[in-house]
> 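To start, I am sharing the structure in question, which I have written as structure tokens.
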Amino acid sequence: MLLEVKDLKVSYGKIEAIKGISLNVNKGEIVTLVGANGAGKTTLLKTISGILKPSAGVINFEGKDIQSIAPHNRVLEGVCQAPEGRGIFPGMTVLENLEMGKYARPNWKNELAEDLDRIYILFPRLKERQSQFGGTLSGGEQQMLSIGRALMSRPRLLLLDEPSMGLAPMFIQQIFSIIREIQTQGVSILLVEQNAAQALSCANRAYILETGNIVKEGAGKDLLNDDAIKKAYLGTGA
Amino acid sequence: MDFSIVVSEFASLFLDGIVVGAIYALVALGYTLVYGVLRLINFAHSEIFMLGTFACLGVTMLLGYTGYEEPIGIGLFLVTFILITVVAAVASGSAAMLLEVVAYRRLRRKGANRLSSLISAIGASFFLVELFRLLTDSKDWDFPRLLDKNSLFEVSSAYVTADKLVVLIGAFGLMFALDRIIQGTRLGRGIRAVSQDEKTAVLMGVDVDKVIAFTFLIGGVLAGVASAFYMLFYEATKFNVGFLLGISAFTAAVLGGIGNIRGALAGSFALGLIQQFSSAILGYNWRDVVTFLILVLVLLFKPTGLFGEAIQRARV
Ligand SMILES: Nc1ncnc2c1ncn2[C@@H]1O[C@H](COP(=O)(O)OP(=O)(O)O)[C@@H](O)[C@H]1O
Ligand SMILES: [Mg+2]
């Protein structure tokens with residue numbers, strides 16, 4: 001098991017946003033966590049990355065408890081995140097943003113050219129925009145940059161927080177096909193989404209999160225055909 | 001009011017404006033860099049500068065200067081002045097790092113709001129001023145004349161003297177070095193990342209505490225070097241020397257757009273020139289009034305500074 005989250009609870013002051021959830025990601029999988037706005041998706045990813053501290057529970061990565069590892073050191077453990085809202089550094093160029101994904105890696109200079117090639121094959125658009133400031137990219141391009149930057153850190157687990165948010169349908173298609181492409185390159189993915197239709201059809205396994213609790217789990221395809229889920233998340237209830 | 005002086009003395013006023021602006025710039029960079037990473041006005045920064053001026057004075061005392069010597073030759077001067085500058089830079093740099101640990105880090109760890117940090121900044125500033133008032137007997141302290149200040153050559157009405165040349169060459173060299181550090185080193189990229197998006201910087205592996213400590217170090221070193229230039233140029237200091245200089249440097253940083261490095265440079269030279277020309281027209285006593293007026297006007301009407309969005313995007 002690559003990532004194992006057990007009985008995790010996370011609070012903002014007195015408000016408990018994650019109320020004791022367990023989930024896991026196996027090597028090579030795309031796992032999605034689907035939930036409405038405010039369900040606690042971003043809170044979970046921030047906790048895995050160490051930006052928030054849980055009040056209870058365990059987070060194991062590759063069999064090792066990572067909670068004692070400082071947030072900025074977790075990327076070296078092999079976990080990197082493309083955060084909600086993309087987190088592009090607006091005053092850095094596309095290339096500089098990508099290089100930031102290498103910040104933690106001691107041997108980054110030797111890896112740079114090879115990884116840039118790999119990412120420019122995945123996102124040819126970024127190569128064209130190399131020297132443009134991150135803040136001047138369109139939403140879809142920023143999302144590509146955010147994912148590309150996370151990949152620069154050579155993660156074994158990629159955390160994606162609503163990559164489809166605010167994108168035109170054409171871009172959404174493209175982003176999800178790239179996510180599958182990344183999976184074939186051997187990176188496991190935990191994908192958090194409101195866009196249930198796309199996320200469930202892309203994922204191997206899925207969890208449904210409602211106000212801090214996991215209410216259902218199963219194979220992506222099965223949940224796609226689940227009546228309750230169709231009704232609540234896909235707007236095509238029977 | 002005498003406007004004709006602006007024409008007849010233009011070159012001279014311009015030169016002095018640039019020299020004063022260069023000193024402001026080195027201090028203004030400290031305000032702007034710290035604001036970038038912490039979103040905090042480090043009001044104790046002016047005292048880091050003040051501490052530097054006394055470090056300069058201390059070196060000359062240890063070297064046995066009494067203030068009545070003849071200026072020394074250029075070779076000996078360079079060695080002496082480099083020593084003074086390095087000591088001031090080390091003193092101010094380490095004081096700035098200590099300040100960060102004592103006055104800000106603990107508050108930050110506790111998640112304190114910005115007002116608490118601001119109060120802590122002002123408290124640290126008062127503490128240092130009063131400490132130095134006691135240590136220095138509230139006296140004016142003169143700095144020995146190290147360099148012959150006779151004119152080397154003239155450009156139009158401007159007498160170019162050796163001290164002004166040293167300040168200009170030194171300050172521009174340092175600005176270039178800073179640019180290389182910010183653009184070309186790992187910690188420099190960390191400073192830019194934390195300034196632009198702190199949370200994402202952490203996700204990329206940036207150690208924010210380390211970056212903040214490094215930022216205070218850079219700001220302190222620049223203020224220390226500025227204090228050596230200041231002593232060479234003005235040849236006197238006092239426990240409250242940081243106040244007006246700090247206000248000028250802070251005004252320059254705000255004028256250029258706080259958090260913006262190029263803005264701080266542009267604002268500093270602009271303010272240096274404005275001060276020289278307005279002093280020439282209105283009289284020297286109006287200099288600080290003009291400075292405060294600019295600060296208030298910018299804060300009221302253009303809080304993002306003169307350069308606004310365009311440079312803002314290229315910030316840090
Ligand atoms: N900084 C915060 N302070 C207090 N409450 C928060 C904060 N961030 C999120 N929350 C609350 O926690 C819950 C989960 O939020 P979030 O994880 O952002 O949900 P999602 O990403 O699924 O939309 C929501 O009720 C939200 O209002
Ligand atoms: Mg969210």
Side-chain angles (χ1 to χ4, degrees), chain A residues 12-13 42 45-46 48-53 69-93 95-106 108-109 132-137 142 145-146 149-155 158-161, chain B residues 32-33 35-37 39 105 108-113 179-214 256-264 304-305 307-316:
Chain A
Y12 296 99
T42 299
L45 291 197
K46 281 186 175 168
I48 295 173
S49 288
I51 290 182
L52 294 173
K53 295 223 178 318
I69 296 171
H72 66 268
N73 285 330
R74 294 197 189 181
V75 58
L76 260 185
E77 294 292 316
V79 185
C80 199
Q81 183 179 161
E84 182 175 63
R86 302 157 198 142
I88 298 305
F89 299 113
M92 293 191 194
T93 64
L95 181 61
E96 287 173 327
N97 266 282
L98 290 172
E99 284 174 357
M100 280 309 297
K102 282 249 166 279
Y103 189 90
R105 297 194 64 82
W108 71 276
K109 277 201 172 128
Q132 202 170 315
F133 279 114
T136 66
L137 298 182
Q142 286 192 350
L145 180 55
S146 181
R149 183 181 59 188
L151 289 175
M152 290 293 282
S153 74
R154 299 195 171 178
L158 178 63
L159 307 175
L160 298 176
D161 196 342
Chain B
T32 233
L33 284 168
Y35 183 85
V37 292
R39 298 294 182 272
R105 182 171 294 186
R108 198 167 69 240
R109 291 257 164 87
K110 291 198 168 130
N113 63 21
D179 185 63
R180 290 291 79 219
I181 289 172
I182 298 291
Q183 304 295 332
T185 68
R186 182 161 183 274
L187 273 169
R189 285 188 299 135
I191 291 179
R192 296 174 68 202
V194 172
S195 301
Q196 293 178 25
D197 187 336
E198 180 180 334
K199 286 222 174 68
T200 306
V202 175
L203 293 178
M204 297 303 127
V206 179
D207 182 345
V208 174
D209 278 343
K210 209 165 157 187
V211 163
I212 289 171
F214 184 63
I258 188 91
N260 182 324
I261 287 183
R262 283 167 225 178
T304 55
F307 297 94
E309 288 304 311
I311 285 192
Q312 204 76 12
R313 241 189 274 120
R315 54 183 288 157
V316 194

> Which bit of A/Glu99 is near chain B, if near means a heavy-atom gap under 4.5 Å: side chain, backbone, both or neither?
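A/Glu99 touches chain B through backbone and side-chain heavy atoms alike.
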> B/Thr200 versus A/Met100: any side-chain heavy-atom pair under 4.5 Å?
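No - every pair of side-chain heavy atoms lies 4.5 Å or more apart.
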> What's the shortest heavy-atom distance between B/Phe214 and B/Ile191, and which atoms?
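Reported closest heavy-atom pair: CD2-CD1, 3.8 Å.
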> Taking only heavy atoms into account, what residues of residues 71-81 of chain A are found under 4.5 Å from chain B?
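A/Pro71, A/His72, A/Val75, A/Cys80, A/Gln81 fall under the 4.5 Å cut-off.
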> Is there a side-chain contact between A/Leu159 and B/Leu203, using heavy atoms and a 4.5 Å cut-off?
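Result no, sub-4.5 Å side-chain heavy-atom pair not found.
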> Report the residues that fulfil salt bridge (Lys or Arg N to Asp or Glu O under 4.0 Å) with B/Asp179, sequence neighbours left out, ordered by chain and then residue number.
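B/Asp179: no salt bridge (Lys or Arg N to Asp or Glu O under 4.0 Å) contacts found.
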> Rounded to the nearest 0.5 Å, what's the gap from OG on A/Ser153 to CG on A/Leu98? Could you check?
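CG of A/Leu98 is found 11.5 Å from OG of A/Ser153.
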> Under a 4.0 Å threshold between the charged nitrogen and the carboxylate oxygen, would A/Lys46 count as salt-bridged to A/Asp161?
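Looking at A/Lys46 together with A/Asp161, the answer is no, because their closest N to O distance does not fall below 4.0 Å.
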